[in-house]
Amino acid sequence: MLARARASRETAAAIEWRMGNATDMPFADATFDCVICQHGLQFIPHKAAAVSEMHRVLADRGRVVISVWRSIEHCPWQAAIADAVERNIGSEQATQIRSAFSFGDADQLQQIIVAEGFRGVEIRVERETIRHASMAEYVPGYISATPVAAAVAGLDKEAQEKITTDVRDALAAYRVGDGLAAPVEAHVAIGHR
């Protein structure tokens, strides 16, 4: 992922990319004016330690912005994929898909951020519409970027197409022609050091 980011001509001169651990960042105290964590905190096992590190590397009056997906009920496209994976592969793989939505409680998010020393924490709901021109391309493309990609790739073509059909049928209310226009929601938390 970092190699791809470094190769981008758009960011090559403006960003120094570094690999590090979210719970032990390779930066000195008070290094940054702003820390942004976009759809990553839900995947970090020690969330409080990661937020504590964000606080540590922020300068006084620095700002933190953290976004996490709301619970899967607020993201029907993802729920449809998880349900289709469960029906066609198994519950273990569906759990992997659903894990991206495992930290969707705004109160829990706020408690962790405040407990780690941030003040003035506000959380708002951001609503977007996910649009894809082709369900036949969207579903396999999306799945190929998830932890269940290998399991799905190991299925025969008919079983793979069944997953796409199940998702398409579940999202009938959000279909636009052969494509999709479905809601997705996230919590965005902003706090200050």
Side-chain angles (χ1 to χ4, degrees), residues 1-6 15-59 62-86 89-126 128 130 141-154 184-193:
M1 190 179 289
L2 285 178
R4 188 174 196 175
R6 287 182 182 119
I15 297 175
E16 178 184 340
W17 296 97
R18 291 210 195 155
M19 183 163 58
N21 183 324
T23 60
D24 186 21
M25 292 186 206
F27 305 106
D29 293 358
T31 299
F32 301 103
D33 294 322
C34 185
V35 172
I36 299 171
C37 181
Q38 183 176 358
H39 300 295
L41 189 60
Q42 64 264 39
F43 299 110
I44 299 170
H46 304 289
K47 292 167 182 47
V51 175
S52 178
E53 274 294 277
M54 293 177 205
H55 190 272
R56 182 187 67 78
V57 301
L58 269 179
R63 181 183 302 189
V64 67
V65 180
I66 300 172
S67 65
V68 295
W69 295 118
R70 289 188 75 197
S71 61
I72 201 164
E73 295 79 27
H74 299 282
C75 305
W77 60 277
Q78 184 74 20
I81 288 178
D83 292 347
V85 165
E86 187 163 20
I89 302 175
S91 62
E92 181 180 331
Q93 291 82 4
T95 297
Q96 291 177 311
I97 295 286
R98 291 182 181 112
S99 70
F101 300 83
S102 65
F103 196 54
D105 182 304
D107 292 335
Q108 186 181 20
L109 176 61
Q110 180 151 4
Q111 287 171 8
I112 286 177
I113 297 169
V114 169
E116 296 309 320
F118 287 99
R119 57 186 172 71
V121 177
E122 295 180 17
I123 298 179
R124 67 176 187 259
V125 173
E126 288 290 326
E128 302 282 332
I130 298 293
Y142 179 83
I143 290 174
S144 73
T146 71
V148 303
V152 173
V184 60
E185 296 184 6
H187 289 296
V188 177
I190 300 173
H192 297 87
R193 184 161 199 267

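Positions are given from 1, in the same order as the sequence printed here. All of these numbers come straight from a predicted model, not from anything done at the bench.
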**Request:** Kindly indicate whether the side chain of Glu53, heavy atoms from C-beta on, has any atom under 4.5 Å from the side chain of Phe27.
**Result:** no

**Asked** Under a 4.0 Å N-O cut-off, is there an ion pair linking Arg124 with Glu126?
**Response** yes

**Request:** Mark yes or no for whether Thr95, through its side chain, and Ser91, through its backbone, hold a donor-acceptor pair below 3.5 Å.
**Result:** yes

**Request:** Mind checking the CD1-OG spacing from Ile123 to Ser67? Nearest 0.5 Å is all I need.
**Result:** 11.5 Å

**Prompt:** With a 4.5 Å heavy-atom cut-off, do Phe101 and Gln42 have their side chains touching?
**Reply:** no

**Message:** Measuring from atom CD1 of Ile81 to atom CD of Glu86, what distance do you get when rounded to the nearest 0.5 angstrom?
**Reply:** 14.0 Å

**Request:** Quick one: pull up CZ in Arg56 and CZ in Arg193 and give me the separation to the nearest 0.5 Å.
**Result:** 9.5 Å

**Message:** On a heavy-atom basis, which atom in Pro26 and which in Gly20 lie closest, and how many Å separate them?
**Reply:** CD-CA, 4.1 Å

**Prompt:** Could you state the interatomic distance from CZ (Phe43) to OG (Ser102), rounded to the nearest 0.5 Å?
**Reply:** 7.0 Å

**Prompt:** Looking at side-chain heavy atoms only, is the closest gap between Met25 and Met54 below 4.5 Å?
**Reply:** yes

**Prompt:** To the nearest 0.5 Å, what is the distance between CG (Leu41) and CD1 (Ile112)?
**Reply:** 6.5 Å

**Complete:** So CD1 of Ile44 and CG of Asn21: to nearest 0.5 Å the spacing works out to 8.5 Å

**Item:** Pairwise side-chain contact, Val51 with Ile66, heavy-atom cut-off 4.5 Å (strictly under)
**Value:** yes

**Message:** Aromatic contact between Phe118 and His55, with the criterion being ring centroids under 6.0 Å apart: yes or no?
**Reply:** yes

**Request:** Search all heavy atoms of Thr146 against all heavy atoms of Ile143 and return the closest pair with its distance.
**Result:** OG1-O, 2.8 Å

**Fill in**
Contacts of Glu92 meeting side chain to side chain contact (heavy atoms under 4.5 Å, CB included) (sequence neighbours excluded), chain-then-number -> none

**Request:** Any chance you could lay out the side-chain contact (heavy atoms from CB on, under 4.5 Å) test for Val65 and Val35, step after step, and finish with the verdict?
**Result:** CA-CA 6 Å; Val65 180; Val35 172; over 6 Å; no

**Asked** Taking Val64 as the fixed residue, which of Leu58, Val57, Ile36, Val121 is the one that meets the side-chain contact (heavy atoms from CB on, under 4.5 Å) rule?
**Response** Leu58

**Asked** Taking 4.0 angstrom as the limit, do Arg98 and Asp83 come out as a salt bridge?
**Response** yes

Show me, pair by pair, the donor-acceptor contacts under 3.5 angstrom made by side chains of residues 71-80, not counting sequence neighbours?
from	atom 1	to	atom 2	distance (Å)
Ser71	OG	Glu73	OE1	2.8
His74	ND1	Arg70	NH1	3.4
His74	ND1	Glu185	OE1	3.3
His74	NE2	Arg70	NH2	3.3
Gln78	OE1	Tyr142	OH	2.6
Gln78	NE2	Ile97	O	3.3
Gln78	NE2	Tyr142	OH	3.2

**Request:** May I ask you to decide if Cys34's main-chain N or O and Arg63's side chain share a donor-acceptor pair within less than 3.5 Å?
**Result:** no

**Request:** Answer yes or no: is there a side-chain heavy-atom contact under 4.5 Å between Val125 and His187?
**Result:** yes

**Prompt:** If you look at every heavy atom in Ala94 and Ala82, which pair is closest and at what distance?
**Reply:** CB-O, 3.4 Å

**Request:** Kindly write out the residues that satisfy side chain to side chain contact (heavy atoms under 4.5 Å, CB included) with His46, not counting sequence neighbours, or none if the list is empty.
**Result:** Thr23, Ala49

**Item:** Ser144 versus Ala149, closest heavy-atom pair with distance
**Value:** O-CB, 3.5 Å

**Asked** Under 6.0 Å from the CG atom of Asp105, do we count more than 12 heavy atoms belonging to anything else shown?
**Response** yes

